[in-house]
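Data first, discussion second: the structure below is written as structure tokens.
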Amino acid sequence: MKAIQITAPSDMKVVDIEKPVVKSGEVLVKIKYVGFCGSDLNTFLGRNPMVKLPVIPGHEVGAVIEETGENVPDSLKPGMNVTINPYTNCGKCASCRNGRVNACEHNETLGVQRNGAMCEYLVLPWNKIIPANNISSRDCALIEPMSVGFHAVSRAQVSDIDIVMVIGCGMIGMGAIIRASLRGSTVIAIDLDDEKLELAKRVGAHFTINSMTENVHQRLMEITEGYGPDVVIEAVGSPSTYIMAVNEVGFTGRVVCIGYAKSEVSFQTKYFVQKELDIRGSRNALPADFRAVIRYMEQGTCPKDELISKVTTPESALQTMQEWAAAPGKVFRILVEF
């Protein structure tokens with residue numbers, strides 16, 4: 001079967017691999033669409049230390065059940081539209097013991113620590129299959145990245161009395177904006193790109209700030225009446241946005257970090273104490289986050305077409321990735337159609 005493989009930094013090609021065979025407790029899915037994630041871009045650029053090349057990327061999946069093995073629940077049937085939970089958990093580490101399997105110490109995400117989903121067929125344990133029958137295969141590929149943003153809002157314990165600032169309006173940041181808005185909070189979106197900020201308004205942001213052209217601190221003081229936001233969600237992963245999050249969050253606020261900074265970050269640690277901050281990491285997503293995204297998308301208000309920047313083919317994936325690397329700030333999601 002056909003698969004996309006990143007063989008070395010800046011090198012990607014289509015390869016032929018063996019089609020997997022379904023076993024007891026497993027489900028064979030026919031891959032329809034897979035999204036390119038920021039982690040895939042970093043792998044392509046040779047900046048992902050968690051990846052050993054060559055690797056098949058991809059963990060944002062829209063698929064159809066092709067075949068089920070023995071000992072699979074009857075609720076999973078051939079022909080169903082599904083997405084997948086791309087993470088593993090060991091069941092034994094501290095995270096698993098505490099019920100937070102999304103942060104398993106030994107997690108292996110598809111396309112990162114193990115081969116991913118950019119191939120024609122994939123076999124997974126049945127409990128990693130997430131039915132989404134009322135959502136198209138194409139749009140199912142948006143569920144996983146959005147669920148990561150939803151999870152960050154849960155980590156922040158956002159409520160309707162909070163002012164929430166989301167730094168970064170990519171797919172994950174959009175997920176955080178949507179979920180915070182659904183919880184009734186006042187949402188402030190921060191980005192460098194006016195088009196992304198305009199879309200952020202459409203999905204629930206009450207205020208937007210272009211950090212390239214506006215004074216972020218001044219605008220926040222105006223919006224929050226001098227208090228600062230109750231919650232800041234960092235969805236970029238750069239030293240400057242990490243520092244912004246700590247500097248701008250209000251006293252006794254919560255800072256939730258999703259992005260990985262690629263270099264060391266120097267903080268004024270006095271703010272940790274003076275403001276008595278809660279600083280929390282947010283990793284991957286839980287099944288409840290997937291279900292929440294599916295419920296949101298079934299409502300029909302998600303601007304799905306605008307969240308998809310491009311649909312490409314396996315044969316054009318290399319050129320598409322090169323184009324994305326040249327202008328990363330302009331892209332929401334690129335999907336590969338199989």
Side-chain angles (χ1 to χ4, degrees), residues 35-43 47-52 55 57-61 83-114 116-117 124 127-128 130 142-158 164-180 183 231-239 241-242 245-246 249 254-265 267 277-294 333:
F36 269 127
C37 174
S39 64
D40 298 321
L41 178 60
N42 283 323
T43 298
R47 299 174 184 170
N48 192 338
M50 294 182 289
V51 172
K52 183 179 179 180
V55 69
H59 55 263
E60 303 172 358
V61 176
T83 190
I84 64 171
N85 183 329
Y87 324 121
T88 65
N89 66 284
C90 69
K92 299 177 182 179
C93 71
S95 299
C96 291
R97 183 179 63 183
N98 292 331
R100 290 161 65 176
V101 295
N102 58 298
C104 173
E105 181 180 355
H106 307 291
N107 167 68
E108 293 185 350
T109 299
L110 286 173
V112 184
Q113 294 92 348
R114 56 185 172 139
L124 288 166
N127 60 359
K128 297 298 182 182
I130 302 174
L142 303 177
I143 294 172
E144 191 275 343
M146 207 175 292
S147 73
V148 176
F150 272 48
H151 182 69
V153 172
S154 294
R155 289 284 292 140
Q157 297 175 298
V158 168
V164 179
M165 179 171 86
V166 178
I167 307 174
C169 295
M171 270 297 298
I172 291 172
M174 287 293 183
I177 291 165
I178 290 164
R179 187 57 164 161
R183 289 194 175 195
V231 174
V232 176
I233 296 176
E234 197 289 328
V236 176
S238 75
T241 51
Y242 263 75
V246 171
V249 70
R254 287 99 73 196
V255 176
V256 176
C257 305
I258 312 174
Y260 282 88
K262 307 304 184 294
S263 58
E264 291 186 1
V265 185
F267 291 106
L277 299 181
D278 291 333
I279 300 177
R280 307 172 184 179
S282 183
R283 184 181 180 193
N284 300 331
L286 287 165
D289 301 309
F290 282 87
R291 293 196 300 272
V293 173
I294 290 170
R333 264 308 173 267

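Residues take their numbers from the sequence shown, with the count starting at 1. All values below come from the heavy atoms of this structure, side chains included, with hydrogens, waters and symmetry mates left out.
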Show every donor-acceptor pair shorter than 3.5 Å between a side-chain atom in residues 87-97 and any protein atom, with sequence neighbours excluded, or say none if there are none.
residue: Tyr87; atom: OH; partner: Glu144; partner atom: OE2; Å: 2.4
residue: Thr88; atom: OG1; partner: Glu108; partner atom: N; Å: 2.8
residue: Ser95; atom: OG; partner: Ala103; partner atom: O; Å: 2.8

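- Using a 4.5 Å heavy-atom cutoff, the side chains of Lys262 and Pro49 are not in contact.
- Closest heavy-atom contact between Phe290 and Ile84: CE2-O, 3.8 Å.
- Scored by the salt bridge (Lys or Arg N to Asp or Glu O under 4.0 Å) test, Arg333 finds Glu60 as partners (sequence neighbours excluded).
- For the pair Ile143 and Ile130, the minimum side-chain heavy-atom distance is 4.5 Å or more.
- The closest side-chain heavy-atom distance from Ser39 to Met50 is not below 4.5 Å.
- Minimum interatomic distance between Asn85 and Pro287 (heavy atoms only, all atoms of both residues): ND2-CG, 4.4 Å.
- For Ser282 against Val148, the heavy-atom pair with the smallest separation is OG-O, 4.5 Å.
- At least one side-chain heavy atom of Pro239 sits under 4.5 Å from a side-chain heavy atom of Ser263.
- Shortest non-hydrogen contact noted between Ile258 and Ala152 is CD1-CB, 3.4 Å.
- Smallest separation of non-hydrogen atoms from Met146 and Gly175: CG-CA, 3.6 Å.
- The shortest side-chain heavy-atom distance between Tyr242 and Ile167 does not fall under the 4.5 Å cut-off.
- Taking CZ from Phe267 and CG from Leu277, the interatomic distance works out to 10.5 Å, rounded to the nearest 0.5 Å.
- Arg47 places no side-chain N or O within donor-acceptor distance of the main-chain N or O of Leu41, the cut-off being under 3.5 Å.
- Residue Asp40 comes nearest to Gly111 through the heavy atom pair OD1-O, 4.3 Å, listed as atom of the first residue, atom of the second, then distance.
- Annotation: side-chain contact (heavy atoms from CB on, under 4.5 Å) contacts of Arg280 (sequence neighbours excluded): Arg155, Gln157, Arg254, Val256, Asp278.
- In this structure a side-chain-to-backbone donor-acceptor pair under 3.5 Å is present from His59 to Leu110.
- In this structure, the side chain of Asn284 engages the main chain of Asn102 through a donor-acceptor pair within 3.5 Å.
- The structure places SG of Cys37 at 10.0 Å from CE of Met171, a figure rounded to the nearest 0.5 Å.
- A donor and an acceptor atom, one from each side chain of Thr43 and Asn48, are located under 3.5 Å apart.
- Around atom CZ of Arg100, no more than 12 heavy atoms belonging to other residues, nucleotides or ligands sit under 6.0 Å away.
- The backbone N or O of Val158 lies less than 3.5 Å from a partner atom in the side chain of Arg183, making a donor-acceptor pair.
- Within the 4.5 Å cutoff, the side chain of His151 has heavy atoms near those of the Leu286 side chain.
- Val61 is not listed as a side-chain neighbour of Pro86, based on a closest heavy-atom distance of 4.5 Å or more.
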